[in-house]
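One structure below.
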Amino acid sequence: QLQLVESGGDLVQPGGSLRLSCAASGFTLDYYAIGWFRQAPGKEREGVSCISRSGSSTKYEDSVKGRFTISRDNAKNTVYLQMNSLKPEDTAVYYCAASGLPWNRLVGGCPAPYFGSWGRGTQVTVSA
């Protein structure tokens with residue numbers, strides 16, 4: 001059974017940093033593009049960032065460009081999201097998910113309908 005587990009969420013002050021991890025079990029991460037998504041209370045889920053199978057290609061939502069960095073360590077079967085210069089508007093539950101589609105099929109950012117095997121999420125709260 002494909003399973004993804006997120007970790008690393010916490011309460012942090014504005015301007016702070018966090019690193020989220022997305023660990024896979026039951027399958028090899030190498031065959032999948034991985035996306036990070038977030039959902040704030042009362043808002044729709046949005047794609048934050050995604051990374052290709054090899055890690056050579058990445059995408060970011062405009063509001064996180066220059067602040068967040070996605071990376072992967074296929075040997076550890078884990079994908080990371082380094083989040084710097086955090087803002088209160090980054091507060092949300094963060095999820096990771098996997099897509100078996102070729103990278104060039106993921107048009108228009110990181111479209112959530114193309115991803116599956118969703119984890120349960122990790123809470124990130126940015127507040128003074």
Side-chain angles (χ1 to χ4, degrees):
Q1 183 178 357
L2 312 184
Q3 186 174 8
L4 293 171
V5 178
E6 304 91 340
S7 62
D10 204 346
L11 170 64
V12 63
Q13 292 187 343
S17 298
L18 283 174
R19 188 177 80 158
L20 305 184
S21 298
C22 171
S25 63
F27 67 106
T28 301
L29 215 52
D30 306 37
Y31 299 115
Y32 297 89
I34 301 296
W36 281 100
F37 303 81
R38 65 186 179 186
Q39 187 165 20
K43 294 187 178 181
E44 294 187 356
R45 183 177 53 191
E46 65 173 350
V48 175
S49 180
C50 49
I51 188 167
S52 62
R53 300 174 186 181
S54 67
S56 60
S57 297
T58 57
K59 297 182 183 182
Y60 296 93
E61 194 268 330
D62 286 346
S63 69
V64 308
K65 285 180 180 177
R67 300 189 298 122
F68 290 11
T69 303
I70 191 171
S71 62
R72 65 191 300 159
D73 185 340
N74 287 342
K76 294 184 178 179
N77 230 23
T78 302
V79 172
Y80 305 98
L81 185 67
Q82 177 68 43
M83 305 187 297
N84 298 329
S85 302
L86 282 162
K87 304 176 181 180
E89 51 263 43
D90 295 319
T91 295
V93 178
Y94 284 70
Y95 302 88
C96 63
S99 177
L101 291 176
W103 183 249
N104 59 9
R105 290 282 306 278
L106 301 177
V107 297
C110 310
Y114 292 172
F115 287 79
S117 299
W118 293 84
R120 293 186 177 184
T122 186
Q123 177 70 48
V124 172
T125 303
V126 185
S127 176

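Along the sequence shown, residues carry numbers from 1.
- Put simply, OG on Ser54 and CG on Asn74 are 8.5 Å apart, with the number rounded to the nearest 0.5 Å.
- For the pair Leu29 and Arg72, the tightest heavy-atom approach, listed with the atom from each and the gap, is O-NH2, 2.8 Å.
- Between Leu4 and Gly116, the closest heavy-atom pair is CD1-O, 4.5 Å.
- The CG atom of Asp90 lies 9.5 Å from the OG atom of Ser85; values are rounded to the nearest 0.5 Å.
- Of the possible polar contacts, one joining the Ser49 side chain to the Lys59 backbone as a donor-acceptor pair under 3.5 Å is found.
- Listed by chain and number, the residues in a salt bridge (charged side-chain N to carboxylate O under 4.0 Å, His left out) with Arg105 amount to none (sequence neighbours excluded).
- A continuous path of hydrophobic side-chain contacts links Val48 to Leu86 [ILVMFWY only; heavy atoms under 4.5 Å].
- Looking at Leu11 and Ser127, their side chains come closer than 4.5 Å, going by heavy atoms from C-beta outward.
- Cluster membership for Phe37 and Leu2, using ILVMFWY side-chain heavy atoms within less than 4.5 angstrom, is not shared.
- Contact detail for Cys110 and Phe115: the closest heavy-atom pair is C-CE1, 4.1 Å.
- Under a hydrophobic-cluster definition in which Ile, Leu, Val, Met, Phe, Trp and Tyr are linked whenever side-chain heavy atoms come within less than 4.5 Å, directly or via other members, Trp36 and Phe27 are assigned to the same cluster.
- What you find for Cys50 and Gly109 is that their closest heavy atoms are SG-O, 4.2 Å.
- Classification of Glu6 and Arg120 as a salt-bridged pair fails, no side-chain N sitting under 4.0 Å from a carboxylate O.
- The existence of a salt bridge linking Lys65 and Asp62 is confirmed by a sub-4.0 Å separation between a basic side-chain nitrogen and an acidic carboxylate oxygen.
- Using the six-membered ring where Trp is involved, Tyr94 and Phe68 have ring planes that are tilted, between 30° and 60° apart.
- In terms of hydrophobic clustering, with Ile, Leu, Val, Met, Phe, Trp and Tyr side chains grouped at heavy-atom distances under 4.5 Å, Leu106 and Val79 are assigned to different clusters.
- Residues Ile51 and Trp103 share a closest heavy-atom pair of C-CZ3, 3.4 Å.
- Here the closest non-hydrogen pair linking Tyr60 and Thr58 is CE1-OG1, 3.6 Å.
- At least one donor-acceptor pair under 3.5 Å links the side chain of Arg53 to the backbone N or O of Tyr31.
- Following chains of ILVMFWY side-chain contacts shorter than 4.5 Å, one can reach Leu20 starting from Ile70, so the two form part of one hydrophobic cluster.
- By the 4.5 Å heavy-atom criterion applied to side chains, Arg67 and Met83 are not counted as neighbours.
- Under the 3.5 Å distance criterion, the side-chain polar atoms of Thr28 are left unmatched by any main-chain donor or acceptor of Asp30.
- Interatomic distance, Leu81 CG to Ile34 CD1, rounded to the nearest 0.5 Å: 12.5 Å.
- Counting heavy atoms of neighbouring residues, nucleotides and ligands inside a 6.0 Å radius, atom CD of Glu89 exceeds 12 of them.
- Annotation: the span from Arg38 atom CZ to Thr122 atom OG1 amounts to 14.0 Å, rounded to 0.5 Å.
- Counting only heavy atoms from C-beta outward, the side chains of Thr91 and Gln123 approach each other to under 4.5 Å.
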